[in-house]
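Structure first, then comments.
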Amino acid sequence: PFVFGLCAALLVGMPVARAQAAPPAQKTPATTTAPAQRGPSDTVRAFHQALRERRFREAFALSVLNYAVRELSAEEFDDFKTDFERIEAGVPATDRLTGEQVSGEEATVFMNFGDETKPDIKPVELVRQDGAWIVGSRQDLDTVKKGGKKFLFEARIETHHAEVKALLERIHAAQFIYSSQHGGTYGDMSQLISAGLVPQDLLGTETTGYRFRVALGKDAKSWAAFAEPARHNRTGRLSFYRDPSGLQSKDTGGKPLKPSSAPKQ
């Protein structure tokens with residue numbers, strides 16, 4: 001999902017990198033074809049090229065996301081920089097387009113995300129808007145137009161919620177492994193990271209949008225993990241709690257969740 005998963009899945013059907021953003025790709029000469037004269041394949045190439053060079057406003061102008069991004073203030077646009085870089089990090093270094101199909105005002109470009117020995121062909125949908133092709137489906141266009149810039153904020157929140165759940169499950173699995181290797185005692189966050197069981201991203205909020213912590217009980221014989229949004233209603237809405245008995249979540253206004261105050265999921 002998202003434009004984070006934001007919109008890599010929405011626009012290009014590719015996974016989003018969760019780790020550190022890739023360094024800027026070496027620039028190549030930009031296409032000079034006017035947008036209205038570009039066919040679907042050339043539009044996909046121009047979109048990806050602009051993403052690789054981190055010309056994000058130019059890139060999103062070639063996609064349905066333009067109807068959300070163009071409403072962002074300069075400060076809000078900068079706030080999404082990390083999310084945009086995550087999209088860029090998932091763009092393949094080379095576009096291997098295998099064909100296109102055009103049906104009226106809609107088109108599909110087929111792209112190989114694998115290689116010659118192991119092809120991974122995925123469709124990239126486009127729609128013609130104001131005489132020019134843009135990346136995204138008609139349904140995507142209607143959704144983004146309806147939501148405006150709120151679409152971006154809601155998409156980020158939903159994506160972060162899904163990622164937090166996955167990371168808490170990873171902490172749960174990590175504690176099981178750590179305990180089996182340390183005589184039945186559990187590890188705090190630093191110990192789990194040092195053991196290579198959870199990502200170092202959990203020490204900060206930049207990539208996750210959440211503050212994570214692990215609390216240990218007496219003699220490290222029990223544990224509980226907490227996650228709260230770094231900025232309530234901006235990077236997340238729910239607070240989470242995970243212990244060996246299960247996962248709980250609730251909107252607490254950004255405060256830590258007390259396990260007795262939410263039902264088990």
Side-chain angles (χ1 to χ4, degrees), residues 1-22 47-48 51 54 56 59-60 63-72 75-91 113 122 124-125 135-137 139-172 198-212 225-242 247-254 257 265:
F2 174 26
V3 46
F4 321 9
L6 193 48
C7 288
L10 169 67
L11 297 177
V12 281
M14 59 192 177
V16 177
R18 272 214 78 262
Q20 301 297 324
F47 173 63
H48 286 172
L51 283 177
R54 299 190 178 184
F56 295 123
F60 295 137
S63 78
V64 299
L65 282 182
N66 185 48
Y67 294 90
V69 171
R70 69 184 185 182
E71 295 185 9
L72 297 175
E75 181 181 358
E76 290 170 331
F77 188 90
D78 189 62
D79 184 49
F80 279 99
K81 182 179 178 181
T82 298
D83 299 299
F84 295 156
E85 288 176 345
R86 291 172 63 187
I87 297 177
E88 178 272 326
V91 177
F113 286 86
K122 293 182 180 179
V124 180
E125 295 182 272
V135 179
S137 70
Q139 182 179 358
D140 297 334
L141 176 62
D142 293 341
T143 298
V144 176
K145 275 188 170 183
K146 182 178 179 180
K149 70 178 181 181
K150 290 183 179 179
F151 168 81
L152 297 178
F153 290 100
E154 290 300 317
R156 176 166 64 181
I157 287 173
E158 290 179 10
T159 299
H160 283 173
H161 286 172
E163 291 179 342
V164 169
K165 289 180 181 180
L167 287 167
L168 288 172
E169 292 307 313
R170 185 168 176 179
I171 289 173
H172 179 231
V198 297
Q200 192 169 356
D201 289 25
L202 297 186
L203 292 177
T205 63
E206 183 177 357
T207 60
T208 65
Y210 267 73
R211 295 185 300 271
F212 287 83
F226 299 81
E228 298 88 42
R231 290 177 293 163
H232 184 252
N233 276 337
R234 297 281 285 191
T235 62
R237 189 168 291 119
L238 301 177
S239 292
F240 294 85
Y241 172 90
R242 181 66 160 101
L247 174 71
Q248 302 178 40
S249 63
K250 186 179 181 180
D251 185 348
T252 63
L257 173 62
Q265 293 186 349

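Since this is a predicted model, take the numbers as computed values, not measurements.
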Exercise for review: Give a yes or no on whether a salt bridge exists between E71 and K150, defined as a side-chain N under 4.0 angstrom from a carboxylate O.
Suggested key: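 Result for this pair is no, no salt bridge flagged.
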Check your understanding: Under the salt bridge (Lys or Arg N to Asp or Glu O under 4.0 Å) test, which residues partner E206, sequence neighbours left out?
Key ->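 For E206 there are no salt bridge (Lys or Arg N to Asp or Glu O under 4.0 Å) partners, ignoring immediate neighbours.
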Check your understanding: In chain order, what residues pass the salt bridge (Lys or Arg N to Asp or Glu O under 4.0 Å) check against R234, with sequence neighbours excluded?
Key ->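 Here the qualifying residues are D79.
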With sequence neighbours left out, write down each residue that passes side chain to side chain donor-acceptor pair (under 3.5 Å) with [X], or none if nothing qualifies.
| X | answer |
| --- | --- |
| N233 | R237 |
| R170 | none |
| Y67 | none |

4.5 Å side-chain heavy-atom contact, [X] and [Y]:
| X | Y | answer |
| --- | --- | --- |
| F240 | H161 | yes |
| E169 | L247 | yes |
| F212 | L168 | yes |

Check your understanding: Considering residues at least two apart in sequence or located in another chain, which fulfil the side-chain contact (heavy atoms from CB on, under 4.5 Å) criterion with Q200?
Key ->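 Result, side-chain contact (heavy atoms from CB on, under 4.5 Å) vs Q200: I193, L203.
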Closest approach of [X] and [Y], non-hydrogen atoms and distance?
| X | Y | value |
| --- | --- | --- |
| G254 | S239 | C-OG, 3.9 Å |
| V64 | S137 | CG1-O, 4.1 Å |
| T235 | I157 | C-CG1, 4.2 Å |

Check your understanding: Hey, is CD on Q139 packed in by over 12 heavy atoms from elsewhere, all under 6.0 Å?
Key ->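 Counting neighbours around CD of Q139, 12 or fewer heavy atoms of other residues, nucleotides or ligands fall under 6.0 Å, so no.
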Practice item. Could you tell me whether the side chain of H160 and the main chain of G236 form a donor-acceptor pair under 3.5 Å? Key: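 Answer holds: no.
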Practice item. Fit a plane to each ring of F77 and F84, take the angle between them on a 0 to 90° scale, and name the class: parallel (under 30°), tilted (30 to 60°) or perpendicular (over 60°). Key: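 Rings of F77 and F84: tilted, 30 to 60°.
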Check your understanding: Parallel, tilted or perpendicular for F60 and F47, by the 30°/60° rule?
Key ->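 It falls in the tilted class, 30° to 60°.
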Point to revise | E76 CD to L152 CG distance, which is reported to the nearest 0.5 Å | key: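 These two atoms lie 9.5 Å from each other.
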